[in-house]
Amino acid sequence: MRVARVDEHTGLALCTDGAGVPHKIETALVAPLAAGERVLVHAGVAIAMLPAEVGA
Amino acid sequence: MRFVDEFRDAALGRAVAAEILSLVEPGRHYKVMEVCGGHTHSIYKFGVDDLLPANVELVHGPGCPVCVIPMGRVDDGIALAQLPGVIFTCFGDMMRVPGSNGSLLDAKAAGADVRMVYSPLDALRIAKESPDREVVFCAIGFETTAPSTALTLKRARAERVKNFSCICSHVTIVPPLRALLESPDLRLDGFVGPGHVATVVGARPFEFIPADYGKPLVVAGFEPLDILQAISMILRQLADGRCELENQYKRVVPYEGNPRALEALAEVFELRPHFEWRGLGFISHSGLKLAEAYADLDAERRFDVPGARVADPKACQCGEVLKGVIKPWECKVFGTACTPERPIGTCMVSSEGACAAYYNFGRFAREREVV
């Protein structure tokens with residue numbers, strides 16, 4: 001999923017999946033995150049960062 | 001790069017398939033186990049096995065979270081769901097797993113408040129929105145999912161949510177792999193290692209498979225090219241006479257895993273002495289329970305849970321399927337009495353279950369047609 005916005009107070013991020021659907025995601029395992037970064041999400045939690053896109 | 005199309009490229013797939021063909025010895029039969037149900041799903045969704053030589057057989061392993069839940073745990077969940085004032089929350093697949101007297105979906109139809117959630121955080125939100133109800137989250141899954149439960153319990157503690165608890169059936173992948181490797185039923189040549197579990201625990205915990213059992217293991221991603229490349233890497237090791245742990249999924253999996261996830265798991269959970277796996281029986285130190293420090297959030301302590309052991313239905317051969325001893329279509333009830341609509345066994349319930357993967361993607365053929 002791609003990070004759209006991070007709420008540093010709650011530790012949750014608004015992320016969009018491949019279809020553009022927004023999800024609230026727990027970021028504690030990969031924080032700090034920035035808008036535009038991509039994360040691997042499992043059961044509502046970002047468990048890994050994905051490498052930056054090339055040529056996007 | 002979008003990390004999807006590149007890993008589904010047909011021309012590259014054919015090139016890796018040709019490489020695989022060049023690595024196999026004619027007359028030798030290779031058995032490679034894909035440990036994770038996510039791999040099983042991808043293999044049949046994308047027809048990966050149709051690209052393999054006839055003498056390379058994929059054997060489906062025990063890494064499907066829903067498939068390994070024994071009937072007694074389903075009955076425990078239903079008993080909790082039927083308690084007055086309880087909202088029982090679980091992942092969608094779990095709702096359809098048969099217990100000894102119906103599923104959680106049947107309990108919901110009969111009036112129990114059972115709700116599907118995508119994340120334990122959703123269950124915690126329901127608890128905060130319903131302070132006069134007790135909200136129980138049914139936690140299942142391997143080390144990939146367990147951090148999500150751990151972080152949710154930490155949040156429940158930090159936010160002082162008193163009406164939230166968890167019935168924990170999380171499991172760990174290494175003990176059943178060791179049990180399989182000790183089993184005389186199964187002869188394997190190598191393993192496609194579980195990429196997402198390894199995202200959390202790292203590739204390191206799988207070192208024991210090449211070191212102690214002499215089988216190559218390649219941690220792999222979930223796109224068709226990932227899986228094909230991992231099979232190619234295993235076959236190359238066998239051809240070279242090597243036996244190592246390799247990481248095909250380096251774009252996501254670090255050797256040491258995610259240290260924050262491991263820290264959360266160590267804080268919130270502890271190992272059970274034994275845990276029952278469907279079809280595999282009791283395996284030592286293979287299940288997680290809430291640690292003493294989180295005992296107040298443990299539904300098994302907060303409520304009276306039956307905890308009865310229930311034998312699998314006689315017709316069901318999920319155990320043999322989970323151990324890779326038989327193929328799904330060799331089960332007596334596959335596709336007849338047992339279908340995804342009316343499953344008898346767990347392997348037909350989840351999209352990661354081998355039986356559901358065969359059934360949904362039409363893999364009924366007894367003989368593979370090699371492309």
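All values derive from a computational prediction rather than experimental measurement. Note on naming: letters A, B, ... go to the chains in the order of the sequence lines (proteins, then strands), and numbering restarts at 1 for each one.
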Heavy atoms, side chains only, cut-off 4.5 Å: are A:Leu29 and B:Pro147 in contact? yes

Does B:Glu207 have more than 12 heavy atoms from other residues, nucleotides or ligands lying within 6.0 Å of its CD? yes

What pair of heavy atoms forms the shortest contact from A:Leu12 to B:Arg155, and how long is it? CD2-NH2, 3.6 Å

Write down the atom of B:Ser148, the atom of A:Ala43, and the distance for their closest heavy-atom approach. OG-O, 2.6 Å

Is it true that atom OH of B:Tyr255 has more than 12 heavy atoms of other residues, nucleotides or ligands lying nearer than 6.0 Å? yes

Chain B contact via A:Leu40 - which portion, at a heavy-atom distance below 4.5 Å: side chain

Proximal component of A:Ala46, with respect to chain B [non-hydrogen, under 4.5 Å]: neither

Assert top hit (heavy-atom pairs under 4.5 Å, partner chain A, pool B:Leu121, B:Thr152, B:Thr144, B:Thr199) equals B:Thr144

When you look at CZ of A:Arg5, are more than 12 heavy atoms from neighbouring residues, nucleotides or ligands closer to it than 6.0 Å? no

Only pairs of heavy atoms separated by less than 4.5 Å count here; which of B:Leu151, B:Val200, B:Val117, B:Val252 has the most with chain A? B:Leu151

Is there a donor-acceptor contact under 3.5 Å from the side chain of B:Arg260 to the main chain of A:Ile47? no

Can you tell me if CD on A:Glu8 sees more than 12 non-hydrogen neighbours from other groups inside 6.0 Å? no

Going from CG on B:Asn258 to CE on A:Met49, what distance comes out if it is rounded to the nearest 0.5 angstrom? 11.5 Å

At what distance, to the nearest 0.5 angstrom, does OG of B:Ser119 lie from NZ of A:Lys24? 11.5 Å

Looking only at side-chain N and O atoms, does A:His42 offer a donor or acceptor that is under 3.5 Å from a partner on B:Thr145? yes

One option among A:Ala28, A:Gly11, A:Ala48 has the most heavy-atom pairs under 4.5 Å with chain B, and it is A:Ala28

